[in-house]
Amino acid sequence: MKNIIVRILRCLMVLFAKLPLKFHYFMGDILSWVVKNVVRYRNGIVWMNISRAFPEMKYWQLKRIYNDFYKHFGEIFAESIWFGGSDHKRLQKAGIVTVVNPEVIAGLYNESPSVTVLCSHCGNWELLGGFYAYITKDGFTCPFEEDQLTVVYKKLSNDIADEVFALNRKAALAVPSPHAVIESKSILRFSIENRKTKRIYGYPADQTPYKGMGRHDMGQFLNQQTYAMTGGVGVACKLSHSVVYMKMKRIERGRYEWEFIPICEDASKMTPDDIMRQYYSLLEQEIRETPSNWLWTHNRWKIK
């Protein structure tokens, strides 16, 4: 029964996704207004997170971030649905993501056993499945193939939603790969089994640690004591991956810029905690540059 529901929902999403991006943004604006003013989805958490992160700001400044965030929140859904009906050509024509320094990821790939890319919930992480389309346009010679990319994700609590969005994230792949998207609890075994094969691993690393798992103290992040999972960088340290931070800046509606910022060329020479502290330092810099661009609805500091 679950498989039937997933197929029906996926078919509907694909049909809807074929509509122009402008239409999706129109629907996203409506969704944004409803979510903020009618449903009032996590309004208290958003306001609490923003006000604690920027205690030096005045009320009107905090309110502007609050309003801009909910507008961006609607755009995330609009772009994600549209992405589910896209291929390489459509993504490149739309120019939704521009990679400003692809030579960085190429250089690390050539010199390392594999590359661990630490992402975040800045910009729109649901667009990560188009990685190869963004990096190979404009004549750039990419040293790796699309099937060498793996995005690691944290499983959603609803099984149907989890499977639908997993399929959506792989929509732009030229050739479907079972290894394109892997749940975080399975990545250690997969990485070890494929340690002799060069790969690019993408981790959204700013999530709350799983309940019952080891929590590592990152110190102050956005003025709050923060704990993190280090599983992804722990694998990188064991297997001597290079590690890079991926900045995803929102330039304007329908346009993001990716920038790769190296953290280390050989993670075995650092500890997972040290790598993650550098990650959170870079993430805080990015959030302070464009505050409305981060996912403020996430109850990031529920673990005290």
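Since this is a predicted model, take the numbers as computed values, not measurements.
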I'd like to know if [X] and [Y] make a salt bridge, using a cut-off of under 4.0 Å between side-chain N and carboxylate O.
| X | Y | result |
| --- | --- | --- |
| Arg255 | Glu79 | no |
| Asp29 | Arg253 | yes |
| Glu286 | Lys249 | no |
| Lys247 | Glu289 | yes |
| Arg277 | Asp274 | yes |

Next on the checklist: Please report whether the ring centroid of Trp33 lies less than 6.0 Å from that of Phe73.
Outcome noted: no
Are a donor atom and an acceptor atom from the side chains of [X] and [Y] found within less than 3.5 Å of each other?
| X | Y | value |
| --- | --- | --- |
| Tyr70 | Asn37 | no |
| Ser268 | Asp266 | yes |
| Thr226 | Trp301 | yes |
| Tyr109 | Gln148 | yes |

Please check: side-chain N/O of [X] versus main-chain N/O of [Y], any donor-acceptor pairing under 3.5 Å?
| X | Y | result |
| --- | --- | --- |
| Glu126 | Phe77 | no |
| Asn124 | Ile76 | yes |
| Asn168 | Ser80 | yes |
| Ser191 | Ile187 | yes |
| Ser240 | Ala236 | no |
| Ser114 | Arg199 | yes |
| Tyr280 | Gln220 | no |

Checklist outcome for this item: Rounded to the nearest 0.5 angstrom, the CE-CZ distance for Met276 and Phe221 is 9.5 Å
Checklist entry - How many angstroms lie between NE2 in His179 and OG1 in Thr150, if you round to the nearest 0.5 Å? => result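 So the gap between those two atoms works out to 7.5 Å.
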Next on the checklist: Do Ile135 and Leu173 sit in one hydrophobic cluster, given that two such residues count as connected whenever their side-chain heavy atoms are within less than 4.5 Å of each other, even indirectly?
Outcome noted: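 No, it is not one cluster - the side chains of Ile135 and Leu173 are not joined through contacts under 4.5 Å.
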Checklist entry - Would you say Met270 and Met218 are hydrophobically clustered, going by side-chain heavy atoms of ILVMFWY under 4.5 Å? => result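 Result: yes, single cluster for both.
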Next on the checklist: Tell me which one of Phe83, Tyr201, Trp258 satisfies ring pair (Phe, Tyr, Trp, His ring centres under 6.0 Å) with Phe131.
Outcome noted: Trp258
Item to check | Chi angles and distances behind the salt bridge (Lys or Arg N to Asp or Glu O under 4.0 Å) call for Lys71, Glu75 | outcome: CA-CA 7 Å; Lys71 184 177 180 181; Glu75 291 175 350; 5.3 Å; no
Review item, side-chain donor-acceptor pairs of residues 91-105, under 3.5 Å, at least two apart:
{"from": "Gln92", "atom 1": "NE2", "to": "Ala133", "atom 2": "O", "distance (Å)": "3.0"}
{"from": "Asn101", "atom 1": "OD1", "to": "Phe260", "atom 2": "N", "distance (Å)": "3.0"}
{"from": "Asn101", "atom 1": "ND2", "to": "Phe260", "atom 2": "O", "distance (Å)": "2.9"}

Checklist entry - Can you check whether Tyr132 reaches His88 side chain to side chain, under 4.5 Å on heavy atoms? => result yes
Item to check | Contacts of Thr116 that satisfy side-chain hydrogen bond (donor to acceptor under 3.5 Å, both in side chains) - sequence neighbours left out | outcome: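 Expected list: His241.
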Item to check | Stepwise ring pair (Phe, Tyr, Trp, His ring centres under 6.0 Å) test for Phe16 and Phe23 | outcome: CA-CA 10 Å; Phe16 194 55; Phe23 171 82; 5.7 Å; yes
Checklist entry - Going by the angle between their ring planes, with limits at 30° and 60°, are His121 and His298 parallel, tilted or perpendicular? => result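 His121 and His298: tilted rings.
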Item to check | Intermediate values then yes/no, ring pair (Phe, Tyr, Trp, His ring centres under 6.0 Å), Tyr256 and Trp125 | outcome: CA-CA 11 Å; Tyr256 296 96; Trp125 54 97; 9.9 Å; no
